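Below: the structure, in structure tokens.
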Amino acid sequence: MAGASVIIVGGGIIGLSTAFEMAQLENHAGITVLERHRVGSGTTSKATGGIRTQFSSETNVRLALLSRERFAHWQGIYGGNPRFVRIGYLFVTARERQAALLRTGAWEQQRWGVEVSLLTPPELARTVPGMTTEDLLLGTFTESDGIADPGAATSALESACRSAGVALHEDAEVQSVRLDTDGAATGVTLKDGTTLSADRVVVACGPWTAPLLATIGWSVPIHPHHRQVYRTGPLPTWPPTIPLTVDLDTGLYCHSDGGAVVFGGGDRDTSPSFDDRARPSDVAHLGDALMRRWPLLGEAPITHTWAGLREMTPDDHGVVGELPDHPGLFVAAGFSGHGFMQAPAVGLVMAALATGSPSPVDASALHPGRFCRSEDGRETAEQYVF
Ligand SMILES: Cc1cc2nc3c(=O)[nH]c(=O)nc-3n(C[C@H](O)[C@H](O)[C@H](O)COP(=O)(O)OP(=O)(O)OC[C@H]3O[C@@H](n4cnc5c(N)ncnc54)[C@H](O)[C@@H]3O)c2cc1C
């Protein structure tokens, strides 16, 4: 591996999207992705592929709208087919306070360009046959949202990167980022001791971002949280297409997937851990809450259980931008369970930031300075903007 002008650490959907967009802006020159295992084998391989535009902040909405547009026109932009299907995305609640938040949120999202509608309980019953709706107060529904296939999207992006001249190296674990005496990024050191130079380094290591930044004394609050997903066998009694539906009161969600159902959630309050092993017996913890909302799932044989790490930040927003005091060192991570759906837009934003080009979305609210602190305890910026 020779020196590169840009090194991107991490070959997940975020690193690949960034590399692809950077190659468009930098005339394909000197973009290298370093991935410690196989490209796409990290958290991205565990995502269920939900794509939504309902968010509580304008920044996330803008990223989501731009990303969804690119998922819809994927083939012309990247080639390949991520199998994006607009099954719709629905949040429901039976709680007054949550209903009030949903109403206000929908009003704001409409101002930002999201086509979100409020659904009454009878409308909810028609939209999701088989869901218990008697206790529900309302739902917010975005018909044009949906799901895509993370594996198909990643392999399409990998091919697009290679065609665009990006150098992708697997089995290349970065041990530390190299800085000059002024703190500017100069490259990386690999686990085998190889040093590589670059004038910009982008850390896109998903849930493993904090340990790498800790090697240069930065503490970024991106915490790994176990998330488990279940897929049932064929369910003839289940409607063939129901939206990705999230019960906000329990955090449980489900959606149809061919003749089967995929469900999960309800595990938001777990302690941070890098253990991403599947624990099929945990399905028992979902028991009553799941059965109350979707009684049909009681008939469901579970054929697959898988788990991964969601990369959570204290404000559930990604960390995107150049580290204060470290010119040329960028972070794109911590998307808090939204990284798959936001990746196309994040790639564009990161490439713009790292090349000094105009960004399609103002992502200044995601700047790492909002909660990064150097280990000497210096505050570098205001904390928690949301
Ligand atoms: C069960 C589950 C369901 C999810 N469902 C959804 C969903 O429906 N919709 C959605 O938008 N998001 C979802 N997510 C979140 C989504 O998967 C992530 O936000 C997204 O994949 C993050 O992509 P990434 O590229 O940042 O991280 P990753 O895909 O984890 O990529 C980071 C890469 O960096 C590599 N790496 C780490 N350290 C080093 C190092 N030192 N040197 C070199 N390489 C390194 C890793 O091997 C990895 O491949 C889900 C997550 C889970 C766990």
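Quick caveat: nothing in here was measured; it's all calculated off a predicted structure.
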Subject >> same_hphob_cluster(Ile77, Val346) at 4.5 Å side-chain heavy-atom cutoff >> reply: yes

Original post:
About how many Å separate CD1 of Ile14 and CD of Gln342, when rounded to the nearest 0.5 Å?
Top reply: 7.5 Å

Original post:
Between CD1 of Ile147 and CE of Met341, what distance do you get to the nearest 0.5 Å?
Top reply: 11.5 Å

**OP:** Report yes or no: does Thr104 contribute a side-chain atom to a donor-acceptor pair with the main-chain N or O of Ala100 at less than 3.5 Å?
**Re:** yes

**OP:** Tell me, yes or no, whether the heavy-atom count around Asp288 atom CG, taken from other residues, nucleotides or ligands under 6.0 Å, exceeds 12.
**Re:** no

Original post:
Does Thr142 reach the main-chain N or O of Ser144 with its side chain, forming a donor-acceptor pair under 3.5 Å?
Top reply: no

Original post:
Would you say the side chains of Thr93 and Asp249 form a donor-acceptor pair under 3.5 Å?
Top reply: yes

Original post:
Any side-chain heavy atom of Gln228 within less than 4.5 Å of one from Arg279?
Top reply: yes

Original post:
Any donor and acceptor pair, going by atom type alone, linking the side chain of Ser5 with main-chain N or O of Asp199 inside 3.5 Å?
Top reply: no

Subject >> Atom CZ of Arg111 with >12 non-hydrogen neighbours under 6.0 angstrom >> reply: yes

Subject >> For the student: nearest non-hydrogen atoms of Thr355 and Arg200, plus distance >> reply: CG2-NH1, 3.9 Å

Subject >> Check: Ile13 main-chain N/O paired with Thr44 side-chain donor or acceptor under 3.5 Å >> reply: yes

Original post:
In this structure, are over 12 heavy atoms from other groups packed under 6.0 Å from Glu108 atom CD?
Top reply: yes

Original post:
Can you check whether Ser117 reaches Glu143 side chain to side chain, under 4.5 Å on heavy atoms?
Top reply: no

Subject >> Linked, directly or transitively: Leu136 and Leu290 (ILVMFWY side chains, under 4.5 Å) >> reply: yes

Subject >> Same apolar cluster: Trp208 and Val188, side chain cutoff 4.5 Å >> reply: no

Subject >> Test log, rule side-chain contact (heavy atoms from CB on, under 4.5 Å), inputs His326 and Leu179 >> reply: CA-CA 8 Å; His326 293 299; Leu179 304 173; 3.5 Å; yes

**OP:** Assess whether side-chain contact (heavy atoms from CB on, under 4.5 Å) is satisfied between Ile222 and Leu213, documenting all intermediate values.
**Re:** CA-CA 11 Å; Ile222 297 174; Leu213 287 179; over 6 Å; no

Original post:
Regarding Arg103 and the six-membered ring of Trp107, is the cationic atom NZ or CZ under 6.0 Å from the ring centre and inside 45° of its axis?
Top reply: no

Subject >> Where Val6 and Met22 come nearest, the two heavy atoms and their spacing >> reply: CG1-SD, 3.4 Å

Original post:
Any idea which heavy atoms bring Val201 and Ala185 closest together, and the distance?
Top reply: CG2-CB, 4.2 Å

Subject >> Interatomic spacing from CZ in Arg62 to CG in Leu66 - rounded to 0.5 Å >> reply: 10.5 Å

**OP:** Please check if the side chain of Ser359 supplies one atom and the backbone of Val349 the other of a donor-acceptor pair under 3.5 Å.
**Re:** no

Original post:
What are the two closest non-hydrogen atoms of Leu212 and Cys205, and how far apart are they?
Top reply: CD2-SG, 4.0 Å

**OP:** Answer yes or no: does atom CD of Glu170 have more than 12 heavy-atom neighbours from other residues, nucleotides or ligands under 6.0 Å?
**Re:** yes

Subject >> Connected via hydrophobic side-chain network under 4.5 Å: Ile51 and Leu244 >> reply: no

Original post:
Can you find a pair of side-chain heavy atoms, one from Ile242 and one from Cys254, that are under 4.5 Å apart?
Top reply: yes

**OP:** Could you walk me through whether Leu196 and His169 pass side-chain contact (heavy atoms from CB on, under 4.5 Å), step by step?
**Re:** CA-CA 12 Å; Leu196 296 172; His169 297 283; over 6 Å; no

Subject >> Backbone N/O of Phe20 and side chain of Gln24: donor-acceptor pair under 3.5 Å >> reply: yes

**OP:** Indicate the ring-plane relationship of Phe71 and Phe340, choosing parallel, tilted or perpendicular according to the 30° and 60° boundaries.
**Re:** tilted

**OP:** Give me the one residue out of Leu16, Thr32, Leu34 that meets side-chain contact (heavy atoms from CB on, under 4.5 Å) with Leu168.
**Re:** Leu16

Subject >> Side chain proximity check, Arg68 to Phe84, heavy atoms < 4.5 angstrom >> reply: yes

Subject >> Heavy-atom pair of closest approach, residues Pro82 and Ala153 >> reply: CB-CB, 3.8 Å

**OP:** For the residue pair His317 and Thr59, confirm or rule out a side-chain donor-acceptor distance under 3.5 Å.
**Re:** no

**OP:** Say whether, by atom type as modelled, one donor and one acceptor occur between the side chain of Asp182 and the main chain of Ala184 under 3.5 angstrom.
**Re:** no

Original post:
Which class fits the ring pair His223 and His225: parallel under 30°, tilted 30 to 60°, perpendicular over 60°?
Top reply: perpendicular

Original post:
Given Asp135, which of Arg95, Arg292, Arg293 fulfils the side chain to side chain donor-acceptor pair (under 3.5 Å) condition?
Top reply: Arg293

Original post:
Under a 4.5 Å cut-off applied to non-hydrogen side-chain atoms, are Arg310 and Lys46 in contact?
Top reply: no

Subject >> Close side-chain approach of Val220 and Pro368, heavy atoms under 4.5 Å >> reply: no

Original post:
How about Val283 and Thr305: do any of their side-chain heavy atoms sit closer than 4.5 Å?
Top reply: no

Original post:
Does one hydrophobic cluster hold both Leu190 and Ile216, with members joined at side-chain heavy-atom distances below 4.5 Å?
Top reply: yes

Original post:
In a check of ring pair (Phe, Tyr, Trp, His ring centres under 6.0 Å) between Phe263 and each of Trp238, Tyr253, Tyr230, Trp294, which one passes?
Top reply: Tyr230

**OP:** Please report the C-alpha distance between Arg38 and Asp171 in whole Å, then the side-chain angles of each, then the deciding distance to 0.1 Å, and finally whether the side-chain contact (heavy atoms from CB on, under 4.5 Å) criterion is met.
**Re:** CA-CA 7 Å; Arg38 301 268 85 78; Asp171 298 320; 2.8 Å; yes

Original post:
Thr245 side chain to Pro243 main-chain N or O, any donor-acceptor pair under 3.5 Å?
Top reply: yes

Original post:
Would you say Glu311 and Phe335 make side-chain contact, with heavy atoms under 4.5 Å?
Top reply: yes

Original post:
Do Ser57 side-chain atoms and Asn60 backbone N/O form a donor-acceptor pair below 3.5 Å?
Top reply: yes

Subject >> Which atom of Val262 lies closest to which atom of Trp306, heavy atoms considered >> reply: CG1-CH2, 4.4 Å

Subject >> Evaluation steps, side chain to side chain donor-acceptor pair (under 3.5 Å), between Glu123 and Thr120 >> reply: CA-CA 5 Å; Glu123 289 168 326; Thr120 60; 3.1 Å; yes

Original post:
Measuring from Ile87:CD1 to Thr241:OG1, what's the distance to the nearest 0.5 Å?
Top reply: 8.0 Å

Subject >> Donor-acceptor pair between Gln54 and Thr140 side chains, under 3.5 angstrom >> reply: yes

Original post:
Nearest 0.5 Å, what's the CG-NE2 distance between Leu309 and His226?
Top reply: 7.5 Å

Original post:
So, does Thr53 use its side chain to make a donor-acceptor pair with the main chain of Ala64 at under 3.5 Å?
Top reply: no

**OP:** Drop me the distance from Leu296's CG to Met131's CE, to the nearest 0.5 angstrom.
**Re:** 11.5 Å

